[in-house]
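What follows is one structure encoded as structure tokens, with my remarks underneath.
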Amino acid sequence: MPEKYPFQEVEAKWQKIWEEQGTYRASDPGESKAEKYYGLVEFPYPSGEGLHVGHPRSYTALDIMTRKKRMEGDNVLYPMGWDAFGLPAENFAIKNKKHPAEFTAKNVANYQRQTRMLGFGFDWSREINTTNPAYYKWTQWMFSRFFNSYFDDKQQKARPIEELEIPADVQVAGEVAVREYRDARRLAYKTKITINWCPRDKIGLANEEAVGGVCDRCHGPVEKREKEQWMLRITKYADRLIDELAQVNFLDKIKTQQINWIGRSEGASVKFQVASSKSQDAAEIEVFTTRPDTLFGATYMVLSPEHELVKNLESRISNLEEVKNYQEAAAKKSDLERQENKEKTGVELKGIAAINPTTGKEIPIWIADYVLADYGTGAIMAVPAHDERDFEFAKKFGLPIVKVVQPPALDSCAGISISTKGQLDDLRLESECWSGQGIAINSGFIDGLETAKAKEKMIAWLEGQGIGERKVNYKFRDWVFSRQRYWGEPIPLVYCSKCGWVALPDSELPLELPDVANYEPTDTGDSPLASIPEWVNTKCPHCGGAARRETDTMPGWAGSSWYFMRYCDPHNDKEFAAAEKLKYWMPVDLYNGGMEHTTLHLLYSRFWYKVLFDLGFVPAECGSEPYRARVSHAMILAYAYEDKNGHLIPSDTVEERDGKFVVTETGEEATQVIAKMSKSLKNVVNPDDVVADYGADVMRMYEMFIGPYDMDAPWSTQGIIGVRRFLDKVWGIGQNGARSPKSDMKASGMTGSGLRAPSYERLLNYTIKKVGEDIDGMHFNTAVSQLMILTNELSNFAASSHVPTSQEDYEAYLKILAPFAPHLAEELWHRLGHEDSIHRSPWPKYDESKIVADTVAVAVQVNGKVRGQIEVAIDAGEQTVLDAAKNEPNVKKYLEGQNVKKAIYVKGKIVSFVV
RNA sequence: GCCCGAGUGGCGGAAUGGUAUACGCAGCGGACUUAAAAUCCGUGGCCGCAAGGCGUGUGGGUUCGACUCCCACCUCGGGCACCA
């Protein structure tokens, strides 16, 4: 009976030795002359549930890639750490009145155990934890740099706030004016914004905790509330975050998603005068439009309900009560309601009107909640003929719809308008003539190749008139950086009534989280830190007077925005990382993470890095992008079952009978579907169980074999068996110690049926090539298939108690297997007498000439259908092959009496006859 | 609605213009066994006795030849969503 791979002993043994010998330790610059390679996986949040089987999929993938790089001679950095500030620990603290550090430590220990048991080549000497004060000291230090800098629009970069030029008039206005001028430009600034507020939990929620307008914790509806928050001015980096993507190798879908999220749109701002008989209360409404060329067709304007103009012109609005009612109703509407009901509503501001600058005509002003307060200027010009939303609104409220049928001839005349009442009006604009081509009318909306030209003309006209200018707008907002929470990095600022906001001196960092008695947020929604007077009350580092500490903490995204730099120099207590180490290791060569982080963590950390880069804390040699390449793993799903009504039911209520799935109790038919793993469906696979049953090597290899790396795949408890059989086979081959030298192989009669020595040699060389290329291209599933094919060929001889390969070839086989099954390969390697690790041995080379066979099977087609196959020499001439093809018996039958019109030979592949 | 991805045996999947279904799971037949498990050998798209025909979501097209390229559509998954 073949011996099975005794994974329990083998895996434990090597994990211990690797750790003791520092097999995977990265050398510091100077220690190694090798090229560096920095592979990075997103460090996990250590949850109470422990590792999900999804985590090891990406850890294994990059483990394989970095192991290969190491064997190719690179100095590899492949680190791991813990992103450990977060909500679950805080909720645990509230519930158990215990310090969240306790819960966190327990989870970290569990994650350490779980990641170690899988045998990854992490350099554990560089392990980091974001909740460690020695780590978050630098997170706070960086926040201070943000606070003490501004963005120079001309240079498009961050600079120290002391370098900000103060205009003379501000200077004259005094110290407070100067301070306000600076504060309004800092990269970290505090402002009143609308936040998601859960009235039941009395807590402010981050957007990601209030998805769909529902509180993540109590599932109740979320309200809007105004609150002062610290913000990071990420929008200043919008253009660079888009443009500098050109320097990096991210998956296209990641780039696209980031670009769409930033949502850059180019257009113009236009000022509309509010019609007034009395010149003293002249007012104007500024709008942003991407289609200034349709200005002729602007037949009304819409303000968001919150727009300040309503308040400013209150006295002139004749239906003020109606307007106020609408404003109130709109304020109460949650995002959820807004999303569910997109029916247009609105109220006209009676008594006032605006003037369309192209026509001089008065147009009505409305307020409506389909106009968003926080995009553009919170007001729009409505062009119902060229915008679906405006069209819908105009239809509902009977507003005129004017189609700009022709490109605006900016000189003598212009388009023709058709109002809803069917009347014709002339639109006139006194300016230069636009003489472009006609514009196609597409389902009622103006559009066409010449739109871009028309826009340019219109912008020029607006600028000439002084009523508008070119303008770029972005969808994304500044980063809300405050959390009214306990379990996060304290924001290292104090407020002094005399000096305003002041950063703590660096010497006072880290500002450690104090212990509190109660982790509940306070009634006002402030962080629990606000309830510790002795912590809150402090001295102003500037003037020495009484001051109060900021009680907000940083979001979970703070520590993860720069951790990849800390790995370069994790124990440095003088700097977040030494410049020469950053110069050597940065940028990260390959960064793997989930798609869900594309618009959050990935964008935040690029921004964070750019600020440090601009300020000179990241050496210029590193470049302005932290990650050279970014790839994304997919999810590991599970099988689930639906009952006959299409409802998902727990897996343990279903069984398989005669190839069909039935509900055990009722015998009713159930359908197998693929779903996310969930406790309620009882289909969660626990890595601990998998490792206990099959071992780490099998688990790793199965996760690679399960399917293409970038595609979701369901975990199959059946499928993993195939991988175990495969590794048992590898082990079995390893036990047949005697190996033949090459000369012996040829003499030993192993040239009979099936495998001849030369063909094994060809297969081995091909496999080395294929596996290497597949690893580089992240096609791990096909690499595993190829290793199985080679193993099957080897094992065909296992019965002869004689492995049909030379020592050298056998070692090459173990080496290409080593990144996938590191424990098994290491054990067999050492059984050959090696003292050093296989994982530090050189990656095998293949001989291209040995991959090419002498003869090749060529298919023969007649009229596109395969009718036969011939064996020809690889370098046979075309005529020789065609003749051989014609004489193939079955082909001959089809060619009999036919006239061959065309004959094609594709070298080594196919012959095609057309008759 | 917009953007992205995917549809191939009973199942996970392979093949990016050249013999569709590699590799693995399940199935079937056999060997070993008192028996079972494990292991090994064989078999393996559908129709057909066969010759042969039909087959990669659907319908068209390009080509000697299409899972692969082009056009139109359907279904499923993900992201964004009144962004002017």
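The chains referred to below are lettered A, B, ... by the order of the sequence lines, with proteins before strands, and numbering in each begins at 1.
- Rounded to a whole Å, the CZ atom of A:Phe726 is 10 Å from the C1' atom of B:C23.
- Residue A:Tyr370 has its side chain nearest to B:C82 when only B:C23, B:C80, B:C82 are considered.
- Set against B:A84, B:U19, B:C25, the side chain of A:Arg725 has B:C25 as its closest nucleotide.
- Between A:Glu703 atom CD and B:G24 atom C1' there is a gap of 16 Å when expressed in whole angstrom units.
- Note: CG (A:Leu637) to P (B:C76) measures 17 Å, nearest angstrom.
- Between A:Arg867 and A:Glu888 there is no salt bridge, since none of the side-chain N atoms of the basic residue sits less than 4.0 Å from a carboxylate O of the acidic one.
- The CE-P distance, from A:Met788 to B:C23, rounds to 11 Å in whole Å.
- Contact annotation: A:Ser265 reaches the phosphate of B:A84 (side-chain N/O to OP1 or OP2, under 4.0 Å).
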What does the list of N/O pairs under 3.5 Å between the protein and nucleotides 65-70 of chain B look like, with a distance for each?
none

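- Candidate nucleotides B:A51, B:G24, B:C11 were compared by shortest atom distance to the side chain of A:Tyr639, and B:C11 ranks first.
- Of the candidates B:A22, B:A51, B:U19, B:A51 carries the atom nearest the A:Lys893 side chain, counting heavy atoms from C-beta on.
- Glycosidic conformation, B:G42: anti, with the torsion outside 90° of 0.
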Secondary structure string for RNA chain B (Watson-Crick or G-U under 3.5 angstrom, | for other-strand pairs): (((((((..(((.....[....))).(((((.......))))).(((....)))..(((((..]....))))))))))))....
Trace of the side-chain contact (heavy atoms from CB on, under 4.5 Å) decision for A:Arg477 with A:Tyr375: CA-CA 9 Å; A:Arg477 300 279 95 85; A:Tyr375 182 77; 3.9 Å; yes
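- The CZ-C1' distance, from A:Phe391 to B:A84, rounds to 17 Å in whole Å.
- With distances taken from any side-chain atom of A:Thr256 to the nucleotides B:C3, B:G18, B:A22, the minimum falls on B:C3.
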